[in-house]
Amino acid sequence: MKKTIIAQAKLNEDQRAELEAHFEILPPLPSFDLDAPEVRDALSRAHGIIGSGLPISEALLDAAPNLEVVALVSVGYDTVPVEALTWRNILLCNTPDVLTETTADTGFTLLMATARRVVELATWVKAGAWQASIGPDLYGCDVHGKTLGMVGFGRIGQAVARRGALGFGMKVLYSNASPKPEVEKELGAERRELEALLGESDFVCLTVPLTEETEKLIGEKELARMKSTGILINIARGKVVDEGALIDALERGVIRAAGLDVFEKEPLSDTSPLPGMANVVALPHIGSATSETRTAMAQRAVDNLRLALTGERPISPVNDEVLS
Ligand code: NAP
């Protein structure tokens, strides 16, 4: 008998056909109400789940006694209780590598857009305000030759740094759990403690995963350490920054600007001042959102799920210990 999977992710026809050849596919859950009979029925039958939208809790896992694999369509897994899965022998897979370059592109887009005030000035042109050449009050700041401080120097952090060092002649500093001597050699990057990096960098770009250690890593004290001309870019997770402290710092001119792809609460609440601030470029969490990359991410998740449920080693397991 075919194993059963819940397809929460958007899959193209080929990906769906690939899964259908091996498994019975149930549609996305109609709601996340664990008391709803159709939700309970689907969870009780599922051997696998593909997609990142499902809020995975102990209660959900209790309702899914046959679950063997959760195949996320994301590299970050901060929303998943990994230990609870491991304890139940459920494998978790994610999608590293295939989204690295696209997410780094998004980081650099935010860096350029904030430095050169692209959104602010394009809005100004659209509003018909361009009656004469702009004055110094609307000038941006240079990117080339400046200092780029990467907080988190893994796959995405290094890819952003490569753009800065090789494309824009930037000096790269990084703060990371472990040293990266190879990349230091390749890009002339230098490792710093976070405190020193914040003080020396013109652009501070966050690419750490969200963990207990990195939650609110950047708060009032850290923002105060940045240059008053400094720009903060966050393509990691919203909760890595204390958003209230950031809003305050942007309003008081403690730092120059921020380019944000991620927020404490997503979608942003109607009451957030961030989208309306001239010195903020806010994007709707589009780090990896290109057609090519989202297709590749879904394909990686399909491959992970298929391999894991047919007794083979998936490409990118998170909790390896389940396999042994
Ligand atoms: P990665 O290769 O695992 O890189 C993360 C880096 O952070 C690693 O080098 C790690 O150090 C370092 N790190 C972990 N905890 C740290 C801490 N407490 N202090 C300092 N450094 C720490 O992951 P990645 O593929 O680059 O992805 C990074 C994150 O980006 C994801 O977790 C996700 O949250 C976010 N992301 C966002 C988007 C988006 O749409 N905006 C898209 C993709 C990913 P070690 O090398 O020593 O382990």
Side-chain angles (χ1 to χ4, degrees), residues 1-26 28 42-58 60-103 152-159 177-178 180 182 207-211 287-288 292-324:
M1 211 168 80
K2 281 181 173 178
K3 288 185 173 175
T4 301
I5 62 169
I6 298 174
Q8 289 294 123
K10 289 189 189 80
L11 304 172
N12 66 28
E13 274 179 28
D14 290 346
Q15 291 164 346
R16 180 163 275 277
E18 187 179 337
L19 288 178
E20 261 163 2
H22 297 272
F23 312 114
E24 181 189 351
I25 304 183
L26 301 180
L43 287 171
S44 72
R45 294 169 58 199
H47 297 93
I49 295 173
I50 181 167
S52 287
L54 204 57
I56 295 181
S57 59
E58 293 272 0
L60 183 142
L61 296 174
D62 284 342
N66 296 308
L67 194 59
E68 295 174 42
V69 186
V70 174
L72 299 177
V73 190
S74 64
V75 67
Y77 47 85
D78 45 276
T79 55
V80 181
V82 183
E83 276 180 25
L85 263 70
T86 305
W87 187 77
R88 289 163 197 256
N89 241 11
I90 299 170
L91 186 65
L92 178 67
C93 300
N94 66 345
T95 63
D97 305 314
V98 291
L99 47 58
T100 296
E101 298 301 328
T102 298
T103 308
F153 210 45
R155 291 170 291 246
I156 296 170
Q158 292 170 24
S178 61
K180 303 287 176 193
E182 293 297 311
T207 62
V208 279
L210 174 62
T211 63
S288 63
E292 298 92 329
T293 294
R294 285 290 166 88
T295 301
M297 289 164 68
Q299 186 60 47
R300 169 64 69 86
V302 165
D303 292 342
N304 278 333
L305 186 70
R306 177 179 49 73
L307 290 166
L309 282 182
T310 54
E312 290 186 63
R313 188 182 167 78
I315 302 165
S316 35
V318 171
N319 52 352
D320 259 303
E321 53 270 47
V322 170
L323 292 169
S324 54

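The first residue of the sequence shown is numbered 1, and numbering continues consecutively from there.
When all heavy atoms are compared, the tightest approach of P81 to I56 is CD-O, 3.2 Å. Closest heavy-atom contact between F153 and K180: O-CE, 3.5 Å. Between L309 and K3 the shortest heavy-atom distance is O-NZ, 3.5 Å. Closest of all the heavy-atom pairs between A298 and Q15 is CB-OE1, 3.6 Å. L91 approaches A308 most closely through the heavy-atom pair CD2-CB, 3.8 Å. When every heavy atom of V73 is checked against every heavy atom of S52, the shortest pair comes out as N-OG, 2.9 Å.
Using modelled atom types, no side-chain atom of N89 and backbone atom of E68 make a donor-acceptor pair closer than 3.5 Å. Looking at T207, its side chain does come within 3.5 Å of a backbone N or O of G152 through a donor-acceptor pair.
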Using the side chain to side chain contact (heavy atoms under 4.5 Å, CB included) rule, take R88 and L67 through it: C-alpha gap first, then chi angles, then the decisive distance, then the call.
CA-CA 9 Å; R88 289 163 197 256; L67 194 59; over 6 Å; no
Checking side chain to side chain contact (heavy atoms under 4.5 Å, CB included) for the pair V70/V80: CA distance, chi angles, key distance, verdict?
CA-CA 10 Å; V70 174; V80 181; 5.7 Å; no
R294 vs S288, test: side chain to side chain contact (heavy atoms under 4.5 Å, CB included). Steps then yes/no.
CA-CA 7 Å; R294 285 290 166 88; S288 63; 3.1 Å; yes
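Interatomic distance, I49 CD1 to L43 CG, rounded to the nearest 0.5 Å: 6.0 Å. Summarising the geometry, atom CG belonging to L305 is positioned 5.5 Å from atom CD1 belonging to I50; distances are rounded to the nearest 0.5 Å. Separating the OG1 atom in T295 from the CG atom in L11 is a distance of 10.5 Å, to the nearest 0.5 Å. Rounding to the nearest 0.5 angstrom, the gap separating the OH atom in Y77 from the CG atom in L85 is 12.0 Å.
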Under 3.5 Å, which donor-acceptor pairs do the side chains of residues 314-324 form with other protein atoms, sequence neighbours left out?
residue	atom	partner	partner atom	Å
S316	OG	N94	O	2.7
S316	OG	R300	NH1	3.0
S316	OG	N304	ND2	3.1
N319	OD1	L92	N	2.8
N319	ND2	T86	OG1	3.1
N319	ND2	I90	O	2.9
D320	OD1	R313	NH1	3.4
D320	OD1	R313	NH2	2.8
S324	OG	E321	O	3.0

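Within the 4.5 Å cutoff, the side chain of V75 has heavy atoms near those of the R155 side chain.
Under the side-chain contact (heavy atoms from CB on, under 4.5 Å) criterion, T4 pairs with E24, L26, R45, H47, sequence neighbours left out.
Using a cut-off of 4.0 Å between Lys/Arg side-chain N and Asp/Glu carboxylate O, E20 and K2 are scored as not salt-bridged.
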